[in-house]
Amino acid sequence: MIERNLPLSDETPTPEPTFRDDVTVELVRSSAQDADVLFAARVSTAGEQSLEELQKDPERSKGLINFLMRDRHGTPFEHNSMTFFVSAPIFVFREFHRHRAGWSYNEESGRYRELQPVFYVPAADRKLVQQGRPGKYEFFEGTAEQHKAVTEAMEDAYRQSYDRYQEMLAAGVAREVARAVLPVGLFSSMYATCNARSLMHFLSLRTKDERAKVPSFPQREIEMVAEKMERQWAELMPLTYEAFNTHGRVAP
Ligand SMILES: Cc1cc2nc3c(=O)[nH]c(=O)nc-3n(C[C@H](O)[C@H](O)[C@H](O)COP(=O)(O)OP(=O)(O)OC[C@H]3O[C@@H](n4cnc5c(N)ncnc54)[C@H](O)[C@@H]3O)c2cc1C
């Protein structure tokens, strides 16, 4: 991760920009375990059961979760909840908010607070060159010159736009108007709440994974968010996670 706070000069307004090449995903609250899936599924055949009863036979539990995933009985995977705090560039949020089903969002406001100058600049290992056709691009390493050009252009544009934002605020212009000048590389933050089923659908579209039956070609930056969510979810629901991978990473 790079975080460069450059020194203040007489001309530059405060606060100084911070440039980030990573994203933050923190699981802040959850009620999600494999037993929630069993609990919901077994009401079909056995009525109400205690958690102890459900967890008595681990092989049977695993078998049931596998069956539900394979045959796409999706609703038992909805009886759980995970809330993530996500900090990422606005262009990632723009893609993220297209996921409507089984997701709830609350994002920081550019009307009610002054936006902080935290901006995205790709890391040195972010592939910069795209080849192929829309929907099926392949990405290749950029040269050192291309990385330099990207870093310089972005940092320069970010500084200029944030300076103009500050000028408008200083002139008494409302935050909701002044923000129009800020770019999509600006970081935003949100709480995003989902369940395992909606998360699986998101992961199927926003990660590129060899185990996927239906390949997807997501933008790398939303994939960085998805990968962090996936790791945290895998710890909460290991059997569901395993079944998701076994059955081609298709949401049931
Ligand atoms: C690689 C990639 C490239 C993309 N490129 C573009 C692009 O160029 N332009 C663009 O606009 N978007 C683009 N998208 C966004 C994409 O079109 C979807 O909006 C996004 O992936 C969310 O998918 P979803 O609608 O399945 O998810 P959700 O909104 O979470 O919906 C989940 C599921 O619920 C059902 N559902 C939800 N709403 C409805 C409804 N109204 N009617 C019927 N069924 C519904 C569907 O089965 C859907 O799959 C891209 C996405 C990816 C992954």
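Read the numbers this way: they start at 1 and go in the same order the structure lists the ligands and their atoms. Atoms considered below: every heavy atom in the structure, side chains included; atoms not considered: hydrogens, waters and symmetry mates.
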Donor-acceptor under 3.5 Å (R175 side chain, R111 main chain):
yes
What are the atoms of ligand 1, with element, lying closer than 4.0 Å to any heavy atom of F217?
1 (C)
Working for side chain to side chain contact (heavy atoms under 4.5 Å, CB included), residues Q219 and V92
CA-CA 9 Å; Q219 163 134 9; V92 169; over 6 Å; no
Return the option from R100, R206, R98, H97 holding the heavy atom at the smallest distance from atom 41 (N) of ligand 1.
R100
Using the ring of each side chain (for Trp, its six-membered ring), is H99 parallel, tilted or perpendicular to F96, with breaks at 30° and 60°?
perpendicular
Can you confirm whether some protein heavy atom lies under 4.0 Å from atom 25 (O) of ligand 1, or whether none does?
yes
Answer side chain, backbone, both or neither: which part of E95 comes under 4.0 Å from ligand 1, heavy atoms only.
neither
Give the numbers and elements of all ligand 1 atoms closer than 4.0 Å to a heavy atom of L205.
21 (O), 23 (O), 53 (C)
Is it possible for you to say whether M190 and F91 belong to one hydrophobic cluster, with membership spreading through side-chain heavy-atom contacts below 4.5 Å?
yes
Only counting residues at least two apart or in another chain, list the ones meeting side-chain contact (heavy atoms from CB on, under 4.5 Å) with T83.
V28, R29, Y191, T193
When every non-hydrogen atom of Y241 is compared with those of A234, the smallest separation belongs to CD2-CB, 3.5 Å
How about P122 and V150: do any of their side-chain heavy atoms sit closer than 4.5 Å?
yes
Any non-hydrogen protein atom less than 4.0 Å away from atom 32 (C) of ligand 1:
yes
At less than 4.0 angstrom from any non-hydrogen atom of H201, what atoms of ligand 1 do you find?
24 (P), 26 (O), 27 (O), 32 (C), 49 (O)
When you measure from atom 46 (C) of ligand 1 to the protein, is at least one non-hydrogen atom found at a distance under 4.0 Å?
no
Would you confirm whether any non-hydrogen atom of the protein falls under 4.0 Å from atom 28 (P) of ligand 1?
yes
Would you say atom 53 (C) of ligand 1 touches the protein, meaning some protein heavy atom is under 4.0 Å from it?
yes
Side chain, backbone, both or neither: which applies to F202 and ligand 1 if a contact is any heavy-atom pair less than 4.0 Å apart?
neither
Restricting to non-hydrogen atoms, name the atom on A196 and the atom on M82 that form the minimum distance, rounded to 0.1 Å.
N-CE, 3.7 Å
Does atom 6 (C) of ligand 1 have a protein heavy-atom neighbour under 4.0 Å away?
no
Distance under 4.0 Å to a non-hydrogen atom of A101: what atoms of ligand 1 satisfy this?
28 (P), 29 (O), 30 (O), 31 (O), 32 (C), 34 (O)
Among side-chain atoms of E114 and Q166, is any donor-acceptor pair under 3.5 angstrom?
yes
Protein non-hydrogen atoms only, distance under 4.0 Å: does atom 10 (C) of ligand 1 have such a neighbour?
yes
Please tell me if atom 16 (C) of ligand 1 is touched by the protein, where touching means a protein heavy-atom distance below 4.0 Å.
no
Would you call E227 and E230 a side-chain contact if the rule is heavy atoms closer than 4.5 Å?
no
